[in-house]
Amino acid sequence: MRNVVLIGFMGTGKSAVGRRLAWILRRPFLDTDLEIERLVGKPVRRIFSENGEIRFRSEEALMCRKLAVPRGLVVATGGGIVLNPENVANLRNGGVLIGLSADPEVIYRRVRRKRSRPLLRDNVRTRMREILEERAGAYDVAEFTVDTGVHSLPKTVGLITGFLKERGYLEAGSDGQSGSVPELPDIPR
Ligand code: S3P
């Protein structure tokens, strides 16, 4: 079964929606940021400060190579994952890309107090607007997008499952593979 991959800017609700969607669909849930933290052994914030953004992006790229196969997962991605076209191609190979969006003010309210995002450490509102501008159009690679500033969490999940059902993405074998394989292959690092 194809993976269901949530993409979108920081603070659009990928992790919360992903967890709930996975629970509703009874599928394993994977959060790429958490998986990278587990593999590297430190929080994303420290990977950025101690090893640099390039290291983080290469871990992300590796993660996308592992996700290039349908495994029936629900995946929440980091907001910058779609900036690398190779990541998009890999994620699309294994799954369907679902976008989450929200108005900049809604995003600001959600991210302003969190200290965990290295790209939004100081001047949160200005940085956020700059990055949003830099990434204009980057999330348009999604097949279906829900505005989480407008729709509640249950409604968002309902809209996504509705879309997936309508397109036949939830049918076993719809990708020519049988069953789900939750284990990720070990690609040498
Ligand atoms: C990033 C988003 C973060 C995290 C990292 C970089 C980005 O994830 O991957 O801080 O470049 O947009 P969230 O989108 O879950 O905050």
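This is a predicted model, so every value here is computed, not measured. Counting starts at 1 for both ligands and their atoms, in listed order.
The closest side-chain heavy-atom distance from Glu143 to Tyr169 is below 4.5 Å. Taking the side chain as every heavy atom from C-beta outward, Val141 and Arg92 approach each other to under 4.5 Å. No side-chain heavy atom of Thr145 sits under 4.5 Å from any side-chain heavy atom of Tyr139.
Using a 4.0 Å heavy-atom cutoff, Arg57 is listed among the residues neighbouring ligand 1. Not a single heavy atom of Glu53 sits under 4.0 Å from any atom of ligand 1.
The protein heavy-atom contact nearest to atom 8 (O) of ligand 1 is Asp33 OD2, 2.8 Å.
Here Arg45 has no heavy atoms under 4.0 Å from ligand 1, in either its backbone or its side chain.
For a threshold of 3.5 Å applied to N or O pairs, the pair formed by Gly79 and ligand 1 contains at least one separation below that value. Taking distance alone, with nitrogen or oxygen atoms compared against 3.5 Å, Arg135 approaches ligand 1 more closely than that limit. By the 3.5 Å distance cut-off applied to N or O atoms, Gly80 is counted among the residues near ligand 1.
Taking a 6.0 Å sphere around NZ of Lys42, one finds it holds more than 12 heavy atoms contributed by other residues, nucleotides or ligands.
Classification of Arg109 and Glu105 as a salt-bridged pair fails, no side-chain N sitting under 4.0 Å from a carboxylate O.
Of all atoms in ligand 1, listed by their number and element, those nearer than 4.0 Å to a heavy atom of Leu119 are 7 (C), 11 (O). Near Arg117, with a cut-off below 4.0 Å to any heavy atom, the atoms of ligand 1 are 16 (O). Near Pro118, the atoms of ligand 1 lying under 4.0 angstrom from a non-hydrogen atom of the residue are 10 (O).
Atom CZ of residue Arg2 and atom CG of residue Leu170 lie 12.0 Å apart, to the nearest 0.5 angstrom.
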Could you pull out every donor-acceptor pair under 3.5 Å between side chains of residues 157-168 and any protein atom, sequence neighbours left out?
| unit_1 | atom_1 | unit_2 | atom_2 | d |
| --- | --- | --- | --- | --- |
| Thr161 | OG1 | Val157 | O | 3.1 |
| Thr161 | OG1 | Gly158 | O | 3.0 |

